[in-house]
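This chain uses plain numbering: 1 for the first residue, then up along the sequence.
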Amino acid sequence: MRRKIQSYLIVDGYNIINAWDELKDIAKSDLEDAREKLIDVIIEYAEFTGRKAIIVFDAYNVKNSRETVEDRKYITVVYTREHQTADSYIEKFITLLSKYDDIKVATNDYAEQQIILGKGATRISSRELKLDLDQAKKRMKEKNSSNEKKIQRNWLEERLDKETLSKLENIRRMH
C-alpha cells in the first residue's frame, strides 16, 4: 500500500519577519505581535492550500529555553531550545520526512537554501512566499465571491413562471 504524499511548508520565522517590511516594522516595537501576524497569515495559507505548515522561531540566545511545540489550527509553531538555530531544527526535521513528500522551505538564508536543496526539499525566498500568499488570498476571494454569486442567484421567483408566482402571492396575502 502506498503512503499518501504530504505537502509541507516550513517557515524560518524570524528570517521571514526580518525580510517583510511590514513585519519588520512591527517587530521593532513588538516582536510578539510580529510573530502572531506571521502565524495568522500562514494559518490562512495552510487552510486554503491544504499544506501542513510549520513555523520555526529560534531561541538560540534565550537562556535556559526548552524546545516548545504549539499545535494550532492548521499549523505547528516551534520555538527551538537554547543554542539551537531555526536552520538546524529545519534541517533535522526535513530528514525525518519521506523523500516523496512535497517540502517547501521559506528562508532567505543562502547557506540554508543550499542544505535544503541537498536534502531534496524546495526552497522559496521570502519574496516568493509573499507572492504565494497573495495568490492564495486572491483565489480565496474569487472562490468566496463565486459562492456569494451562487447564493444570490438562488431565488425562488427566478425559477417559477409568472402564473405560479401570482398564485403564491395570493396565498401569502390570504394568511
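- Between the OG1 atom of T122 and the CD1 atom of I103 there is a distance of 8.0 Å, given to the nearest 0.5 Å.
- Closest heavy-atom contact between A121 and I94: CB-CD1, 4.2 Å.
- In the hydrophobic clustering of this structure, L23 groups with V77; members are Ile, Leu, Val, Met, Phe, Trp, Tyr whose side-chain heavy atoms approach within less than 4.5 Å, directly or through other members.
- In terms of the salt bridge (Lys or Arg N to Asp or Glu O under 4.0 Å) criterion, residue partners of D132 (sequence neighbours excluded) are, by chain and number, K104.
- Put simply, the side chain of N108 gets close to the backbone of S126: a donor and an acceptor are under 3.5 Å apart.
- Linking ILVMFWY side-chain heavy atoms closer than 4.5 Å, directly or via other members, places I43 and Y79 in a single hydrophobic cluster.
- Partners of K138 according to the side-chain contact (heavy atoms from CB on, under 4.5 Å) rule, which considers only residues two or more places apart in sequence or in another chain, are Q135, E142.
- Here the straight-line distance linking atom CD1 of I124 with atom CD1 of I116 works out to 10.0 Å at 0.5 Å rounding.
- Residues satisfying the side chain to side chain donor-acceptor pair (under 3.5 Å) test with S166, not counting sequence neighbours, are none.
- There is no path of hydrophobic side-chain contacts, each under 4.5 Å, that joins V69 to I39.
- Every residue was checked against the salt bridge (Lys or Arg N to Asp or Glu O under 4.0 Å) condition with D21, not counting sequence neighbours, and none meets it.
- Pairs of residues two or more places apart, or lying in two chains, that qualify as salt bridge (charged side-chain N to carboxylate O under 4.0 Å, His left out) and include a residue from residues 120-130 are E22-K130, R123-E128.
- Under the rule for a salt bridge (Lys or Arg N to Asp or Glu O under 4.0 Å), the partners of K167 that lie at least two apart in sequence or sit in another chain are E163.
- Under the side chain to side chain donor-acceptor pair (under 3.5 Å) criterion, D71 pairs with T76, not counting sequence neighbours.
- Atom OG of residue S125 and atom CG of residue D109 lie 12.5 Å apart, to the nearest 0.5 angstrom.
- Placement of V11 and Y45 within a single hydrophobic cluster is found when ILVMFWY residues are connected by side-chain heavy-atom separations under 4.5 Å, directly or transitively.
- Counting only residues at least two apart or in different chains, salt bridge (charged side-chain N to carboxylate O under 4.0 Å, His left out) contacts with residues 38-53 comprise R51-D102.
- A side-chain contact (heavy atoms from CB on, under 4.5 Å) with D12 holds for exactly one of V56, T85, D87; it is D87.
- Atoms NZ and CD1, from K37 and I42 in turn, are 14.5 Å apart once rounded to the nearest 0.5 Å.
- In this structure, the side chain to side chain donor-acceptor pair (under 3.5 Å) partners of T164, at least two apart in sequence or on a different chain, are D161.
- Judged purely by atom type and a 3.5 angstrom limit, S88 has no side-chain atom pairing as donor or acceptor with the backbone of Q84.
- Residues that satisfy the side-chain contact (heavy atoms from CB on, under 4.5 Å) test with Y14, not counting sequence neighbours, are I17, N18, L31, R35, F57, D58.
- The distance from atom CD1 of I55 to atom CG of L38, rounded to the nearest 0.5 Å, is 4.5 Å.
- For R139, there are no side chain to side chain donor-acceptor pair (under 3.5 Å) partners two or more places apart in sequence or in a different chain.
- In terms of the side-chain contact (heavy atoms from CB on, under 4.5 Å) criterion, residue partners of A46 (sequence neighbours excluded) are, by chain and number, A53, Y74, I75.
- The side-chain heavy atoms of I90 and E112, taken from C-beta on, include a pair separated by under 4.5 Å.
- Note that CD1 of I171 and CZ of R173 are 12.5 Å apart. Values are rounded to the nearest 0.5 Å.
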